[in-house]
Amino acid sequence: MRIFNAIRPLKKDEKIPYKLLLLADPSKELIDQYLAVSTLYIAEEAGVVYGVYVLTPIDSNIAEIKNISVDESHQGKGIGTLLLRHAEDTAREKGYKTLIIGTGNSSIGQLYLYQKMGFEICGIKKDFFIINYKKPLWENHIQCKHMILLSKTL
Ligand code: ACO
């Protein structure tokens, strides 16, 4: 619960934690595009940022988590789950009815986590990672080609 309370929006004068953002999305260009229209939330303890998520409005009813990331040394300790819950609560409080999240076809662990958290597959952006990323991306011995979209009713 202490960690949960430590999640807050990044202030305008604070440094953008690109290292964490780039773990979830290797394109700084795309990150900068969505940060311009989003709110970046950070999980910090003693001044160290160990997790982030980016909440982006899509329309008046739908918000999207464009990026969620936990520092490698802190992964697998439940922080990602807390960030997802925080994102759901925040989006609900802001009046959104649906929260969406997208991940690569090769991101098996992420697909597991999001579905376990109640998100359901609702679409696919074919060849998204081939069209939008300069280098081929591979994960779990699978080429990351398509974005799998998942949604949750809030
Ligand atoms: N591979 C395998 N299992 C995973 C993975 C993974 N990459 N990520 C989460 N899980 C599983 C955990 O094993 C755990 O399972 P359990 O509940 O059965 O024990 C469950 O998901 C919850 O794990 P948490 O500890 O809450 O998640 P964590 O703090 O590690 O955060 C996250 C998950 C954010 C995906 C983190 O692993 C991470 O930062 N990964 C690198 C960046 C990334 O891929 N971000 C998501 C890209 S998609 C997007 O940003 C919209």
Side-chain angles (χ1 to χ4, degrees), residues 1-125 128-129 132 139-140 144 146-154:
M1 194 50 74
R2 190 165 59 93
I3 290 169
F4 187 75
N5 288 335
I7 301 171
R8 62 167 178 85
L10 188 81
K11 294 181 196 136
K12 281 208 166 67
D13 59 345
E14 288 179 307
K15 216 174 134 196
I16 295 172
Y18 278 111
K19 194 176 160 233
L20 280 171
L21 293 164
L22 286 162
L23 264 186
D25 183 346
S27 169
K28 184 168 180 297
E29 205 180 320
L30 287 185
I31 290 172
D32 284 335
Q33 275 176 29
Y34 54 70
L35 279 184
V37 291
S38 308
T39 307
L40 170 57
Y41 291 84
I42 59 167
E44 66 163 354
E45 194 172 57
V48 178
V49 179
Y50 49 83
V52 294
Y53 75 85
V54 175
L55 193 65
T56 309
I58 302 300
D59 62 30
S60 57
N61 287 316
I62 304 173
E64 178 172 352
I65 299 171
K66 286 278 190 190
N67 189 308
I68 180 165
S69 180
V70 173
D71 182 82
E72 276 159 314
S73 63
H74 287 82
Q75 287 176 12
K77 295 179 181 171
I79 297 168
T81 302
L82 290 176
L83 288 168
L84 280 169
R85 286 210 192 108
H86 192 277
E88 284 177 37
D89 290 344
T90 305
R92 193 179 297 108
E93 277 165 21
K94 287 179 182 288
Y96 294 105
K97 306 285 180 245
T98 304
L99 186 59
I100 60 175
I101 189 162
T103 194
N105 59 282
S106 52
S107 298
I108 307 303
Q110 291 80 344
L111 285 166
Y112 159 74
L113 173 59
Y114 304 153
Q115 290 178 90
K116 189 177 146 188
M117 293 288 292
F119 287 82
E120 289 193 17
I121 291 175
C122 61
I124 176 168
K125 286 187 184 169
F128 178 87
F129 292 97
N132 292 290
E139 200 182 9
N140 301 314
C144 181
H146 318 299
M147 183 185 282
I148 310 295
L149 290 168
L150 301 99
S151 76
K152 181 168 180 174
T153 302
L154 297 172

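Bear in mind the structure is a predicted one, so any value in this text is a computation, not a measurement.
Shown here for Leu10 and Pro17, the closest heavy-atom pair between the two residues is CD2-CD, 4.3 Å. The two residues Ala91 and Leu99 have their closest heavy-atom pair at CB-CD1, 4.2 Å. When all heavy atoms are compared, the tightest approach of Ala87 to Ile65 is CB-CD1, 3.6 Å. Leu30 and Ser27 get closest at one heavy-atom pair: N-OG, 3.0 Å. Across all non-hydrogen atoms, the minimal contact from Tyr50 to Glu44 is CE2-C, 3.2 Å. Nearest heavy-atom pair across Phe129 and Gly104 is CE1-CA, 3.6 Å.
Summarising the geometry, atom OG belonging to Ser106 is positioned 9.0 Å from atom CD1 belonging to Ile148; distances are rounded to the nearest 0.5 Å. Between the OG1 atom of Thr56 and the CD atom of Glu64 there is a distance of 6.5 Å, given to the nearest 0.5 Å. Rounded to the nearest 0.5 Å, atoms CZ (Arg8) and CG (Leu40) are 10.0 Å apart. Put simply, OG1 on Thr39 and NZ on Lys66 are 13.5 Å apart, with the number rounded to the nearest 0.5 Å. With rounding to the nearest 0.5 Å, the separation of CG in Asn61 from OG1 in Thr98 is 7.0 Å. Interatomic distance, Ile42 CD1 to Tyr53 OH, rounded to the nearest 0.5 Å: 11.5 Å.
The shortest side-chain heavy-atom distance between Tyr18 and Asp32 falls under the 4.5 Å cut-off. Gln75 places a side-chain heavy atom less than 4.5 Å from the side chain of Leu23. Side chains of Asp71 and Ile79 form no contact here, defined as non-hydrogen atoms less than 4.5 Å apart.
One finds no salt bridge joining Asp89 and Arg85 here, because no Lys/Arg side-chain nitrogen approaches an Asp/Glu carboxylate oxygen to under 4.0 Å.
No donor-acceptor pair closer than 3.5 Å links the side chain of Asn67 to the backbone N or O of Val54.
Tyr41 and His86 share no donor-acceptor pair across their side chains, judged by distance under 3.5 Å alone.
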Q. Can you list the steps and then say if Ile16 with Ile31 is a side chain to side chain contact (heavy atoms under 4.5 Å, CB included)?
A. CA-CA 11 Å; Ile16 295 172; Ile31 290 172; 5.8 Å; no

Q: Given side chain to side chain contact (heavy atoms under 4.5 Å, CB included), test Gln110 with Glu139 step by step and report yes or no.
A: CA-CA 12 Å; Gln110 291 80 344; Glu139 200 182 9; 4.0 Å; yes

Q. What do the steps show when you test Asp25 against Leu21 for side chain to side chain contact (heavy atoms under 4.5 Å, CB included), and what is the final call?
A. CA-CA 6 Å; Asp25 183 346; Leu21 293 164; over 6 Å; no

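Residues forming a salt bridge (Lys or Arg N to Asp or Glu O under 4.0 Å) with Glu29 (at least two apart in sequence, or on another chain): Lys134. Scored by the side chain to side chain donor-acceptor pair (under 3.5 Å) test, Asn105 finds no partners at all (sequence neighbours excluded).
Other residues, nucleotides and ligands contribute only 12 or fewer heavy atoms inside 6.0 Å of the NZ atom of Lys97.
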Distance-only criterion, 3.5 Å: show the donor-acceptor pairs between side-chain atoms of residues 112-122 and protein atoms not counting sequence neighbours.
residue : atom : partner : partner atom : Å
Gln115  : NE2  : Leu111  : O            : 3.1

